[in-house]
Structures are given as C-alpha cells and as structure tokens.
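Structure first, then comments.
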Protein chains: 2
Amino acid sequence: MKFSDFKKHQSDYVEDICRNIFREYSQSIKIKKEELAVRNLVNIYNAALKLSSEKGFAAMSLRDLCRETGLSMGALYSYFSTKEDLLNIIQEQGQKFIAGIMIEYINAVDTVVEKLRIAIRIHLYLSEIMPQWYIFFFMEARHMVKAEQKKAIASELATEQIFIDILEMGRQQKLFAVDNIILTASVIKPMLQDWYLKRWKYTRRQISVDEYADFLIQFIEKALRR
Amino acid sequence: MKFSDFKKHQSDYVEDICRNIFREYSQSIKIKKEELAVRNLVNIYNAALKLSSEKGFAAMSLRDLCRETGLSMGALYSYFSTKEDLLNIIQEQGQKFIAGIMIEYINAVDTVVEKLRIAIRIHLYLSEIMPQWYIFFFMEARHMVKAEQKKAIASELATEQIFIDILEMGRQQKLFAVDNIILTASVIKPMLQDWYLKRWKYTRRQISVDEYADFLIQFIEKALRR
DNA sequence: GTCTATAGTGCGATAGAC
DNA sequence: GTCTATCGCACTATAGAC
C-alpha cells in the first residue's frame with residue numbers, strides 16, 4: 001500500500017469525529033440541530049487544533065479562537081462548557097478515532113511481517129493526514145489533569161502494545177530475532193513520531209511519507225533479522 | 001563507559017551555565033556581585049526549568065516563579081528583563097553547553113565505532129543529568145519567535161550532523177552498510193530523545209539509562225551491519 | 001539588592017438583547 | 001442560535017520605599 005491508496009479510502013475524518021462529539025457530549029452542547037452543530041464543531045475543532053499546534057493550547061486564547069472561527073465568544077460557549085473541556089474532548093475523541101483505524105487495518109492482514117509493515121504505514125499515513133491531532137496528543141498530554149493524563153498514557157501504551165504483540169508473534173514463529181521485545185517496541189514508536197514532530201525537516205529535504213515508510217520498514221526489519 | 005563514570009566527572013553544570021549567563025548578559029542583570037548573582041541565577045533557572053517542564057513555559061506565571069524561588073517579583077526582574085528573555089537565554093545557553101560537552105567526548109575517541117557509541121551514550125547520559133533542559137528545548141522551541149526558532153533548528157541539525165559525519169566515515173571505511181545516511185541519522189535522534197520525553201515509561205519498567213544505552217547501541221549497530 | 005504596592009492589559013466566562 | 005457588553009480575576013511589568 002502507498003499513501004495515495006490510503007488517502008482515497010478515508011472519508012472526511014474531522015466530520016466523523018465531530019459528529020461523534022455532538023452525540024457523546026449532547027449535554028454540554030446547547031445547539032440541537034445536528035447538521036448546524038456538526039458544521040460549527042468542525043470549524044471550531046479545526047481552528048483549535050491549528051492554533052494550538054502553532055502556539056500551544058495554553059497560549060491560545062478564546063479570543064484567538066473567535067477570530068479564527070469567525071464565531072463570537074457567546075457562540076463558542078454554546079459548543080463546549082470550558083476551555084479545558086475542549087482539551088479533553090480533542091484528546092479522548094481523537095485517540096479513540098485513531099485507535100479504531102489502526103486496529104481495523106492490522107486485523108485486515110494475516111502474516112506477522114505484513115502486520116508489522118501495515119502498522120508502521122498506517123501510523124505514518126494517519127499522522128500525515130491529521131498531523132495537528134498527533135502533535136496535540138504529544139505536546140498537550142503533560143499539561144492535562146491527572147485523570148486525563150492517565151487516558152493519554154493508556155493510549156501511548158496501547159499503540160506500543162500493538163508492536164509488542166506483533167514482535168512476540170514474530171519471535172514465536174522464528175521470523176524475528178528480538179532480544180528485548182519491550183525495548184524494541186519502545187524505540188519503534190519514537191521513529192514513527194518523528195515524522196510529525198519534525199515534519200519541517202522532512203519537508204525541507206523533500207522526503208515523502210512513502211519514502212520515510214519504506215526506509216523505516218527496511219531499517220527495522222534489518223534490526224530484527226535473525 | 002557507564003553512567004556512573006560519566007556522572008562523577010561532571011561538575012555542577014547549572015552553576016557553570018549560570019556563571020556564563022552572568023557574564024554574557026551583564027547588561028540586563030542589575031546585580032553586580034558575581035557570587036550572589038550566580039547563586040540567585042541558579043535558583044531562578046532551576047525553578048523556571050522545573051515549572052516549565054511540569055506545566056509548560058507559557059502556563060508558568062512569574063508568580064509561580066516567585067513562590068518556587070522564594071524571591072519577590074521585583075527581585076526576579078533584577079536578573080532578567082522580560083519573561084521571554086528567560087526563554088531565549090535557557091535555549092541559547094543550554095544548547096551551547098550541551099554541544100560543547102558532546103564534541104569534547106566524541107573528539108576524545110579515535111575509531112568510528114567508538115565515536116558512534118560514545119555519541120549515543122553521552123547524549124543519553126547528559127539528558128539523564130539535565131532532563132528538564134532537554135524537555136525544554138523540545139517542547140518550547142515551537143513557541144519561540146522566528147529568530148530564536150532558527151537557532152533551535154540549527155542546534156537540532158547540528159546534533160544530527162554529528163551522526164551524519166560518523167555514518168559517512170563508517171561507510172567510507174566499509175564498516176557500515178548504510179543505504180541512506182540522512183534518513184538513518186534522522187531516526188537515531190528520536191530514539192535518543194525518547195529517553196527523556198517518555199522517562200515515566202522507563203522508570204515504571206525499571207530500565208536504567210545504561211540498559212537503554214546498551215540496547216540502542218546493539219539495535220543501531222545491527223541495522224548498520226554489512 | 002530586595003521588598004510591597006499597583007498600573008495597565010488581556011484572560012475565561014456569563015448575562016441579556018436580538 | 002448568535003451577538004455585544006461586561007464582570008472579576010490573574011497576568012507581566014514597574015515605581016518607589018527600605
């Protein structure tokens with residue numbers, strides 16, 4: 001699979017996420033007409049992610065958000081109840097969406113080698129489609145309150161667990177030589193994260209997400225070789 | 001070399017950095033007695049790094065800093081001129097200090113294999129000694145003004161260049177098989193950064209910095225094998 | 001050299017008109 | 001459902017007493 005194949009099978013993910021937000025948080029959203037609400041939620045969450053991936057969530061003021069969305073302060077507060085709510089909703093709904101897609105693709109292939117390759121690709125491709133979300137999870141998790149931080153940690157460990165399981169299967173089938181599965185899974189994640197955390201570097205060097213994915217797969221497979 | 005060997009050869013690095021700050025920024029520091037000034041600078045910079053690695057620099061108020069240092073608002077402003085100054089000084093002086101140590105250790109060994117190993121170790125060991133500084137560079141660079149951001153980018157690329165040079169030498173001496181030197185150097189950095197960015201994970205799993213260093217060296221060397 | 005007091009600004013949040 | 005106006009508070013920064 002290449003990035004272009006992946007991309008054309010994805011519908012408008014922001015709308016999917018926002019429709020879910022509308023349904024799950026109906027108590028704190030005052031607007032009742034679904035189509036209008038979802039349209040505005042898309043506007044608000046896109047703006048919030050754009051601004052906070054530029055300057056950080058703490059430094060983004062609700063007045064910045066008014067300017068970016070074209071909505072007034074009063075209108076904004078019809079779509080969430082506090083600024084901190086916004087932080088938590090992005091974290092929870094975003095992670096949930098991403099986890100769903102990852103699992104779906106990994107379950108669709110059979111062999112261990114294919115699972116490892118597709119896990120690497122989908123993680124990179126998703127972060128290419130929705131980079132602000134990934135940057136948000138990474139940068140803002142440490143500023144959340146304890147309860148939300150625990151959820152962020154759980155998400156991080158869940159992604160890692162996907163790789164631990166794959167490596168374990170590979171070892172059992174004598175496909176990989178892995179001394180330390182946990183440490184190996186631990187270092188795969190940061191290599192995937194580098195793609196969105198230092199995107200400027202890869203843009204500057206004109207490296208595409210497919211080139212990066214191909215490189216990572218061969219680099220990791222070589223390190224796993226028996 | 002092990003971490004304990006490295007640690008005992010390091011003097012009080014914060015004091016070294018702060019003494020340098022006192023000398024280079026004498027115009028914006030109103031206090032003239034060096035010993036007093038350095039003592040207070042150590043207090044201030046330690047506190048600022050602690051607070052901003054906890055909640056982020058933007059979210060750290062100068063009132064927080066007063067509480068943490070035990071100094072008053074007025075006193076603080078005798079040691080720097082604006083809050084943003086503090087950000088820039090940490091970035092510049094910290095990066096300068098770290099770059100100096102890295103170069104020193106790499107130049108002290110002769111062979112390419114030793115240089116690769118020592119570069120990995122010293123990066124990890126330094127980030128173990130002064131994690132708040134590394135976290136600060138990583139998390140706050142994107143919130144700096146353009147001019148300071150360029151310096152942060154230059155530092156990132158300089159570290160990477162160290163690895164590019166080592167890999168290039170290794171290839172010329174036919175010690176390493178590297179298809180793509182730039183991408184290989186690119187992915188080494190994030191594996192080093194994971195040590196301080198996800199320190200909680202390694203603490204929880206009781207993995208020491210030496211274990212992590214040993215693992216990384218063997219993982220990378222395996223991926224470079226001919 | 002350090003303190004307290006305060007000026008001036010911009011923040012998150014809400015009430016009430018339309 | 002969206003707007004404007006405004007409240008109360010916390011912020012950075014400074015002036016002047018000690």
Side-chain angles (χ1 to χ4, degrees), chain A residues 18-19 21-22 25-45 47-48 51-52 54-90 140 143-145 148, chain B residues 18 21-22 25-45 47-48 51-52 54-90 140 143-145:
Chain A
C18 286
R19 196 169 297 275
I21 292 173
F22 176 75
Y25 299 83
S26 55
Q27 20 151 5
S28 54
I29 297 175
K30 297 192 191 72
I31 281 73
K32 293 301 154 206
K33 287 184 238 169
E34 178 160 337
E35 288 319 309
L36 171 65
V38 171
R39 206 183 323 128
N40 272 330
L41 284 170
V42 168
N43 183 8
I44 292 168
Y45 282 90
L51 290 170
S52 60
E54 277 167 19
K55 48 163 80 176
F57 186 82
M60 173 194 78
S61 76
L62 293 184
R63 283 169 175 82
D64 292 335
L65 200 54
C66 290
R67 217 171 301 124
E68 188 72 27
T69 55
L71 291 167
S72 71
M73 206 68 144
L76 281 187
Y77 273 92
S78 303
Y79 291 91
F80 53 82
S81 30
T82 66
K83 191 189 171 191
E84 209 194 323
D85 256 37
L86 214 54
L87 182 88
N88 297 336
I89 293 175
I90 293 174
E140 307 300 344
H143 309 143
M144 293 170 188
V145 294
E148 291 301 320
Chain B
C18 288
I21 292 172
F22 175 76
Y25 299 83
S26 55
Q27 21 153 4
S28 53
I29 296 173
K30 297 193 189 70
I31 281 74
K32 293 301 155 205
K33 287 185 236 167
E34 178 160 337
E35 288 319 308
L36 171 65
V38 171
R39 206 183 323 128
N40 273 330
L41 285 169
V42 167
N43 184 7
I44 292 168
Y45 282 90
L51 290 170
S52 57
E54 277 167 19
K55 47 161 82 178
F57 187 80
M60 172 195 79
S61 76
L62 293 184
R63 281 170 172 82
D64 292 335
L65 201 54
C66 289
R67 215 171 303 124
E68 188 73 29
T69 56
L71 290 168
S72 70
M73 205 69 141
L76 281 187
Y77 274 92
S78 303
Y79 290 91
F80 54 81
S81 29
T82 66
K83 191 190 172 191
E84 209 194 322
D85 256 38
L86 213 55
L87 181 88
N88 298 335
I89 292 174
I90 292 174
E140 308 300 343
H143 309 143
M144 292 171 188
V145 294

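Quick note on labels: first sequence line is chain A, next is B, and so on, each numbered from 1.
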key: Pairs touching residues 68-78 of chain B that satisfy side-chain hydrogen bond (donor to acceptor under 3.5 Å, both in side chains), sequence neighbours left out   = B/K50-B/E68
task = For A/E84, enumerate each residue passing the salt bridge (Lys or Arg N to Asp or Glu O under 4.0 Å) test, keeping only those at least two apart in sequence or located in another chain.
result = none
request  = Kindly say if A/N40 contacts the phosphate of D/dT2, meaning a side-chain N or O under 4.0 Å from OP1 or OP2.
outcome  = yes
query = What are the two closest non-hydrogen atoms of B/I44 and B/L86, and how far apart are they?
reply = CG2-CD1, 4.5 Å
Derivation and outcome, salt bridge (charged side-chain N to carboxylate O under 4.0 Å, His left out), residues A/E34 and A/R39 = CA-CA 8 Å; A/E34 178 160 337; A/R39 206 183 323 128; over 6 Å; no
Listed partners of A/E140 passing salt bridge (Lys or Arg N to Asp or Glu O under 4.0 Å), at least two apart = none
query = Starting at CG of B/L86 and ending at P of D/dC11, how long is that distance when rounded to a whole Å?
reply = 16 Å
ask   = Reading nucleotides 12-18 of chain C from the 5' end, what letters show protein touch, with B for base, S for backbone sugar-phosphate only, - for no heavy atom under 4.0 Å?
value = BBB----
query = Rounded to whole angstrom units, what separation is found between the CZ atom of B/F22 and the C1' atom of C/dG1?
reply = 13 Å
task = Kindly state which residues belonging to residues 25-33 of chain B come within less than 4.0 angstrom of DNA chain C, counting heavy atoms of the residue only, listed by number.
result = B/K30, B/I31, B/K32, B/K33
ask   = Who are the salt bridge (Lys or Arg N to Asp or Glu O under 4.0 Å) partners of A/R67, not counting sequence neighbours?
value = A/D64
inquiry  = Checking the side chain of A/K32 only, and the main-chain atoms of A/A37 only, is there a donor and an acceptor separated by less than 3.5 Å?
reply    = no
key: B/L65 CG - C/dC3 C1' separation (whole Å)   = 16 Å
message = Against the six-membered ring of A/F80, is A/K30 placed for a cation-pi contact (under 6.0 Å from the centre, within 45° of the normal)?
response = no
